[in-house]
Amino acid sequence: QVQLVESGGGLVQPGGSLRLSCVASGSIFSINAMGWYRQAPGKQRELVAHITSGGSINYADSVKGRFTISRDNAKNTVYLQMNKLKPEDTAVYLCNADVVVIGPIYENDYWGQGTQVTVSS
């Protein structure tokens with residue numbers, strides 16, 4: 001099995017910054033795409049940023065120029081640097097990974113439990 005564990009959330013004032021991390025562990029052969037999603041109360045889950053194993057990246061329009069996604073393949077970790085945070089960025093941020101699992105080998109999609117980000121003065 002594979003586990004994704006997020007960290008780095010918290011309370012920050014508007015205009016502030018946070019850095020989220022997500023570490024994947026378990027019976028991992030390789031990880032294809034990794035991404036960050038968010039879900040605010042009463043709203044649908046939405047894609048924030050996505051990065052492929054080859055480094056191709058895409059962002060939601062609402063975060064372009066403010067958020068940066070990156071990954072460390074050696075550590076099975078994906079990061080989300082969030083700058084110039086706004087109250088509307090408040091949500092639970094969830095990590096997602098498309099993982100090739102060992103024993104037997106198969107591909108599956110995994111989610112973390114989420115980390116709360118609150119932007120408020």
Side-chain angles (χ1 to χ4, degrees):
Q1 277 293 349
V2 173
Q3 298 80 39
L4 301 182
V5 178
E6 302 102 332
S7 61
L11 173 64
V12 64
Q13 292 187 342
S17 298
L18 284 174
R19 188 190 193 213
L20 306 183
S21 300
C22 171
V23 181
S25 63
S27 302
I28 298 171
F29 178 76
S30 64
I31 302 177
N32 298 323
M34 303 185 81
W36 288 96
Y37 291 72
R38 65 187 181 187
Q39 187 160 20
K43 294 188 177 181
Q44 288 190 336
R45 186 174 296 184
E46 63 173 355
L47 173 69
V48 177
H50 179 268
I51 182 168
T52 68
S53 57
S56 296
I57 292 172
N58 65 285
Y59 296 100
D61 288 342
S62 59
V63 308
K64 283 181 181 177
R66 300 187 299 122
F67 290 11
T68 302
I69 189 171
S70 61
R71 64 189 284 176
D72 185 333
N73 292 329
K75 297 181 179 180
N76 290 334
T77 301
V78 63
Y79 304 97
L80 186 68
Q81 177 66 43
M82 304 186 294
N83 299 327
K84 301 179 182 178
L85 282 160
K86 305 175 181 180
E88 51 264 42
D89 294 318
T90 296
V92 174
Y93 283 70
L94 302 109
C95 175
N96 173 263
D98 179 19
V99 180
V100 178
V101 180
I102 300 172
I105 289 184
Y106 65 95
E107 187 174 345
N108 204 4
D109 197 51
Y110 293 90
W111 291 89
Q113 296 280 4
T115 183
Q116 177 69 45
V117 171
T118 303
V119 184
S120 175
S121 55

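Everything quoted here is computed from the prediction, not taken from an experiment.
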* Are V78 and L47 connected, step by step, through hydrophobic side chains (Ile, Leu, Val, Met, Phe, Trp, Tyr) whose heavy atoms are closer than 4.5 Å? -> no

* Asked: For the hydrophobic clusters of this structure (ILVMFWY residues joined by side-chain heavy atoms under 4.5 Å, transitively), does one cluster hold both V92 and V48?
  -> no

For residues 101-108, which side-chain donor-acceptor pairs fall under 3.5 Å, sequence neighbours excluded?
{"unit_1": "E107", "atom_1": "OE2", "unit_2": "N32", "atom_2": "ND2", "d": "3.3"}

With sequence neighbours left out, what residues match [X] under side chain to side chain donor-acceptor pair (under 3.5 Å)?
{"X": "T118", "answer": "Q116"}
{"X": "T52", "answer": "none"}
{"X": "K64", "answer": "D61"}
{"X": "Q113", "answer": "none"}

Taking atom [atom1] of [X] and atom [atom2] of [Y], what is their separation to the nearest 0.5 Å?
{"X": "S120", "Y": "L85", "atom1": "OG", "atom2": "CG", "answer": "12.0 Å"}
{"X": "D109", "Y": "N96", "atom1": "CG", "atom2": "CG", "answer": "4.0 Å"}
{"X": "M34", "Y": "L80", "atom1": "CE", "atom2": "CG", "answer": "12.0 Å"}

* **side chain to side chain contact (heavy atoms under 4.5 Å, CB included) partners for Q1, two or more places apart** => Q3, Y110

* Check: T68 main-chain N/O paired with Q81 side-chain donor or acceptor under 3.5 Å -> no

* Structure fact -> For residues 59-104, the ring-ring contact (aromatic ring centres under 6.0 Å, His included) pairs (sequence neighbours left out) are none

* Enumerate the residue pairs fulfilling ring-ring contact (aromatic ring centres under 6.0 Å, His included) with a member in residues 28-58, sequence neighbours excluded, ordered by first and then second residue. => Y37-W111

* Contact summary for G112 and L94, nearest pair of heavy atoms -> O-CD2, 3.7 Å

* Qualifying residues under salt bridge (Lys or Arg N to Asp or Glu O under 4.0 Å), relative to R66, sequence neighbours excluded -> D89

* Which residue pairs pass the salt bridge (charged side-chain N to carboxylate O under 4.0 Å, His left out) test when at least one of the two sits in residues 40-55, sequence neighbours left out? -> R38-E46

Name the atoms and distances for all side-chain donor-acceptor pairs under 3.5 Å in residues 10-26, with sequence neighbours left out.
{"unit_1": "S17", "atom_1": "OG", "unit_2": "N83", "atom_2": "OD1", "d": "2.9"}

